[in-house]
Amino acid sequence: MKPVASARLLLATLLALTTAPVLAASQCAAVVGEGWPPAVANYGDAAAQLLGGVTEEGLSLLSLPARGPESQVQLRREPGQAGQWVVVAGLADKRIYSWNSGSSRAGVNLRLDQQPELAQAPVPDALAQRLLQVWAAALASSEVAPRAPVTDGEVVSFTLNGARYSGLRPGCGRLEALLDQAALLVELAHSKDKKHEKRYADIERALDKMHDRFSGDAG
């Protein structure tokens, strides 16, 4: 898959998560909860590792669609470089989750012998810290349940400093706004160096907009 085409597919996947009508955070049902939904952990962990890995310091959004390739965007520290952050966007070359319907070996097959499309870009420390603070507030809100709900089909999964929160597609509130931010991070990862400053400014504006929208909502 060509890099430009894969970037467009990854962006389309994330943007498809943000088409629901806007509602106040207090009106949003908790469709995401701590951990993995039942029967998803093995698949989810394998997909996350293939698509850039899992970090104990940073944030990520993993998309496990009902059909099509899985994707992940991750903000993490550069190993061994204090204060240096990088965003990594990964897209599976072929769908990881596969159902084998053969009569003698029916079951799930995880196709991990593949090379995903990976793109990355640097992120300034101040912007990274602001993203971490905003995601922490959203994932500590009433939009997140004590346990991940049972899902049928698509699963989205957030992480923050090693803690995982998964479930259905957020259709409103703070978590829906995090999907917008994730799409901007994907765009940054696939941008040329000369576009980085513009992408940083786009993310800052999205964070400002989120602050203005939810600053008066105690939900």
Side-chain angles (χ1 to χ4, degrees), residues 10 13-21 23-76 88-92 95-99 107-112 116 131-183 185-186 210 214 217 219:
L10 182 49
T13 300
L14 288 171
L15 290 172
L17 301 178
T18 63
T19 57
L23 296 175
S26 59
Q27 297 176 274
C28 295
V31 298
V32 167
E34 296 181 22
W36 287 110
V40 175
N42 289 343
Y43 166 36
D45 284 337
Q49 288 292 346
L50 181 68
L51 298 172
V54 179
T55 180
E56 293 299 314
E57 187 173 12
L59 56 84
S60 71
L61 172 64
L62 174 70
S63 176
L64 305 175
R67 293 178 295 277
E70 298 83 355
S71 63
Q72 179 174 256
V73 61
Q74 180 184 96
L75 174 68
R76 69 188 187 206
V88 180
L91 178 67
R95 182 168 173 79
I96 297 168
Y97 185 98
S98 176
W99 177 259
V108 174
N109 176 40
L110 299 181
R111 295 186 289 194
L112 303 176
L131 281 161
L132 289 168
Q133 291 171 4
V134 169
W135 282 53
L139 293 168
S141 74
S142 60
E143 295 177 42
V144 176
R147 293 183 180 179
V150 175
T151 57
D152 181 15
E154 181 185 41
V155 174
V156 297
S157 183
F158 303 86
T159 68
L160 178 72
N161 295 333
R164 186 168 294 280
Y165 309 85
S166 312
L168 306 174
R169 176 192 305 182
C172 60
R174 293 177 178 85
L175 297 191
E176 184 267 345
L178 298 191
L179 300 180
D180 291 334
Q181 293 169 21
L185 287 170
V186 170
M210 185 175 177
F214 297 113
D217 193 326

Q: In sequence, state the C-alpha distance, the side-chain angles, and the governing distance for E70 and R95, and then conclude on salt bridge (charged side-chain N to carboxylate O under 4.0 Å, His left out).
A: CA-CA 6 Å; E70 298 83 355; R95 182 168 173 79; 3.7 Å; yes
Q: Might you work through the side chain to side chain contact (heavy atoms under 4.5 Å, CB included) test for L168 and E154, ending with a clear yes or no?
A: CA-CA 7 Å; L168 306 174; E154 181 185 41; over 6 Å; no
Q: Starting from the C-alpha separation in whole Å, work towards a yes-or-no answer on side chain to side chain contact (heavy atoms under 4.5 Å, CB included) for W99 and N109.
A: CA-CA 6 Å; W99 177 259; N109 176 40; over 6 Å; no
Q: Would you sort out whether L139 and L175 count as a side chain to side chain contact (heavy atoms under 4.5 Å, CB included), showing the intermediate values?
A: CA-CA 7 Å; L139 293 168; L175 297 191; 3.8 Å; yes
Q.
side chain to side chain contact (heavy atoms under 4.5 Å, CB included), that's the test. Do L132 and N161 meet it? Break it down for me.
A. CA-CA 9 Å; L132 289 168; N161 295 333; 4.3 Å; yes
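Rounding to the nearest 0.5 Å places CG of N42 at 7.5 Å from CG of L110. Separation of atoms OG (S157) and CD (Q72) is listed at 8.5 Å; rounding is to 0.5 Å. Put simply, CZ on R174 and CD on Q181 are 12.0 Å apart, with the number rounded to the nearest 0.5 Å. Annotation: the span from L59 atom CG to L185 atom CG amounts to 7.0 Å, rounded to 0.5 Å. Here L64 contributes atom CG and W36 contributes atom CH2; the two are 5.5 Å apart, rounded to the nearest 0.5 Å. Between the CZ atom of R111 and the CG atom of L50 there is a distance of 12.0 Å, given to the nearest 0.5 Å.
Scanning both residues, S71 and L91, for their nearest heavy atoms gives CB-CD1, 3.9 Å. Scanning all heavy atoms of the two residues, the minimum distance from A138 to M210 falls at CB-CE, 4.3 Å. Closest of all the heavy-atom pairs between S166 and P149 is O-CD, 3.5 Å. Here the closest non-hydrogen pair linking V31 and R169 is CG2-O, 3.9 Å. Closest of all the heavy-atom pairs between G173 and F214 is C-CZ, 3.4 Å. When every heavy atom of L61 is checked against every heavy atom of A182, the shortest pair comes out as CD2-CB, 3.5 Å.
No donor-acceptor pair closer than 3.5 Å links the side chain of R76 to the backbone N or O of G53. Without hydrogens or angle criteria, T151 side chain to G153 main chain gives no donor-acceptor distance under 3.5 Å.
Annotation: side chain of P170 is in contact with side chain of L179 (closest heavy-atom distance under 4.5 Å).
Aromatic ring pairs are classed by plane angle as parallel below 30°, tilted from 30° to 60° and perpendicular above 60°; the pair W135 and F158 is perpendicular.
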